[in-house]
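Read the structure below first, then the notes.
Just so you know, these numbers come straight off a predicted model, no measurement behind them. Throughout, protein chains are lettered first and strands after them, A, B, ... in sequence-line order, and every chain is numbered starting at 1.
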There are 2 protein chains.
Amino acid sequence: MTEPNAGLPIQDSPFARKLSAFVRLSQTDLAVMSDLYRRRRVFPVGVDVIHQGQTDQCAYVLASGWACSYKILPEGTRQIVDFQIPGDFLGLRSVLFRTADHNVEPITPVHASEVTQRDLLAAFAETPRLATAVLWAASRDEAMVVEHLVDLGRRSATERMAHFLLELGARLRLVGMGDRTGYLCPLSQYLLADALGLSAVHVNRVLRELREEGLVTFQKGRVTFEDYDGLVTFAGFDRSYLDHEGPLLM
Amino acid sequence: MTEPNAGLPIQDSPFARKLSAFVRLSQTDLAVMSDLYRRRRVFPVGVDVIHQGQTDQCAYVLASGWACSYKILPEGTRQIVDFQIPGDFLGLRSVLFRTADHNVEPITPVHASEVTQRDLLAAFAETPRLATAVLWAASRDEAMVVEHLVDLGRRSATERMAHFLLELGARLRLVGMGDRTGYLCPLSQYLLADALGLSAVHVNRVLRELREEGLVTFQKGRVTFEDYDGLVTFAGFDRSYLDHEGPLLM
DNA sequence: GCGGCGGGCTGATATGGATCAGCATCCCCC
DNA sequence: GGGGGATGCTGATCCATATCAGCCCGCCGC
């Protein structure tokens with residue numbers, strides 16, 4: 001397999017693009033970031049990136065591919081907490097805990113850069129602006145989990161799916177992997193079910209319903225928005241927690 | 001109203017007690033913390049501490065009383081994301097966003113110390129160890145939200161309630177407000193319903209069920225564990241995400 | 001060329017929890 | 001001392017979603 005975006009200038013990496021939505025990154029920031037990108041690793045499907053209960057994990061920045069973080073329950077079912085796309089951290093939270101409290105598993109083959117606790121703190125010391133940006137990224141991750149929690153607690157299955165597809169679209173657009181018309185999406189209906197707290201059967205029916213309503217189509221690995229504004233209204237989607245209009249910190 | 005724990009030495013404050021579960025705090029750390037505690041405010045029930053959509057919010061450290069953070073949905077219902085008890089941050093996440101993405105409302109009268117973004121970054125510069133501790137506290141908050149998400153996604157109403165009561169108990173014990181036999185709890189069944197994604201009616205039935213099973217009793221503002229180990233098993237509760245055995249960082 | 005398997009799809013039936021309606025108690029305020 | 005607003009509690013009914021069962025299709029390995 002060829003290394004995706006190997007020759008990409010650092011400011012065009014998904015990670016830099018995402019952080020740029022929050023702070024304006026200087027040449028120094030970019031150089032330090034470039035350093036973080038050094039230790040590249042590849043995870044094929046089936047090899048966990050982070051394993052629940054394991055100690056002394058390090059974190060990763062996802063360069064290409066899709067992953068998901070999840071928790072396993074005693075009965076054997078699982079709850080997917082979130083999906084990760086290029087530019088996202090994998091296991092940032094678990095760096096601070098003695099043992100990882102969740103799993104991260106690749107959905108497609110994954111290229112990721114290893115970041116140890118030491119690397120991160122060193123980078124922070126060098127450019128505090130980057131520290132702020134990373135803290136922002138972590139806050140954004142938490143905001144997404146909160147929104148996901150609202151999904152599960154108070155939205156119907158159909159609203160939940162609509163909201164989820166919109167959020168994913170907005171995130172992908174931020175790193176240049178989709179536009180207002182839709183995006184490529186490697187998630188199976190089983191994965192959606194594990195994420196949305198539904199059964200796979202019901203995911204199928206909900207997708208059909210959204211398709212028949214003329215709102216979104218999810219077929220053959222592509223999500224196509226047929227009526228974006230209608231979908232936003234239906235889902236009660238407010239993207240303000242995902243970015244700002246233009247960088248905040250200069 | 002008299003100021004609760006006004007004369008309390010700083011190392012006995014709930015905030016210090018909680019952070020001590022993670023790092024060993026030096027005299028300097030405690031002094032800087034004492035400084036953060038300076039600007040005290042009081043919020044009676046009915047006055048929001050943080051208001052969704054408002055800009056330039058600051059955060060607070062809760063000194064006494066209970067609060068809850070929640071999101072309002074277009075239809076008028078709400079989802080409570082978490083309850084805050086003494087020692088917890090209020091709105092830490094919203095300091096980094098231009099506008100707050102959630103509400104925080106007192107459940108009982110609340111005493112809290114105001115912390116601005118500037119205060120926080122200044123304190124971090126002074127004692128990096130405190131920065132790590134705060135980052136840990138934030139990670140722990142996120143871990144709790146994640147566990148809450150698993151509650152809503154994959155646990156039955158009864159397991160969910162059991163898990164919730166256990167988690168709350170463990171948190172309260174960490175700040176000295178409860179023990180293995182139980183704790184005082186000012187939450188109404190309506191609040192529980194908004195948090196657990198249930199109807200108030202069903203909350204009532206679930207509590208009855210747990211009582212009749214001889215696991216927990218929640219009556220007259222007190223939660224009493226009748227069979228702690230049984231409850232832990234029933235809920236699949238693993239408290240490892242809430243603390244460590246002894247401080248990690250020396 | 002065929003068997004196995006993952007994934008999408010669908011109908012029938014079961015069920016957990018919502019919703020609606022109403023009563024009892026306590027407490028606060030007039 | 002009486003009225004009204006929270007809060008707790010309970011029964012009856014309804015509905016969203018789970019569960020079970022099975023089919024079809026395309027892909028991969030042998």
Using whole Å, what does the distance between atom [atom2] of nucleotide [N] and atom [atom1] of [X] come to?
X	N	atom1	atom2	result
A/Y190	D/dT19	OH	C1'	13 Å
B/H202	C/dT15	NE2	P	15 Å
A/L152	C/dG17	CG	C1'	16 Å
A/E75	D/dA18	CD	P	15 Å
B/E212	D/dT10	CD	C1'	12 Å
A/D194	C/dG6	CG	P	15 Å
B/Q219	C/dC26	CD	C1'	15 Å
A/L187	C/dG6	CG	C1'	16 Å

Short side-chain donor-acceptor distance under 3.5 Å, B/H148 and B/D151: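 Their side chains do not contain a donor-acceptor pair, so the 3.5 Å distance test is not met.
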
Candidates C/dG17, D/dA21, C/dA21 - which lies nearest the side chain of A/V201: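 Of all the options, the side chain of A/V201 is nearest to D/dA21.
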
Residue B/Q189, side-chain heavy atoms: nucleotide from D/dT17, D/dT19, D/dC9 that is nearest: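 That would be D/dC9.
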
Phosphate OP1/OP2 of D/dC9: any B/R208 side-chain N/O under 4.0 Å: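 So the side-chain polar atoms of B/R208 never come under 4.0 Å of the phosphate oxygens OP1 or OP2 of D/dC9.
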
Phosphate-side-chain proximity, A/N204 and C/dG8, N/O vs OP1/OP2 below 4.0 Å: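 Looking at the OP1 and OP2 atoms of C/dG8, neither is under 4.0 Å from any side-chain N or O of A/N204.
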
Residue whose closest nucleotide on DNA chain D lies nearer the 5' end, A/R155 versus A/K220: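 Result of the comparison: A/R155.
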
Given DNA chain C, 5'-ward residue of the pair A/R154 and A/L207, judged by closest heavy atom: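 Looking at the nearest nucleotide for each, A/L207 comes out on the 5' side.
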
Geometric class of the A/Y37/A/F15 ring pair [parallel <30°, tilted 30-60°, perpendicular >60°]: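 Tilted.
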
Under a 4.0 Å threshold between the charged nitrogen and the carboxylate oxygen, would [Y] count as salt-bridged to [X]?
X	Y	result
A/E212	A/R205	no
A/E147	A/R155	yes
B/D82	B/R171	yes

Touch class at under 4.0 angstrom, heavy-atom based, for B/G197 against every strand present: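 Contact class for B/G197: sugar-phosphate only.
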
Touch class at under 4.0 angstrom, heavy-atom based, for A/S188 against every strand present: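 Sugar-phosphate contact only - A/S188 comes under 4.0 Å of backbone atoms but never of a base.
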
base_contact_polar (D/dT19 base, A/R205 side chain, donor-acceptor, <3.5 Å):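 Between D/dT19 and A/R205, which were checked side chain against base, a qualifying N/O pair under 3.5 Å is present.
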
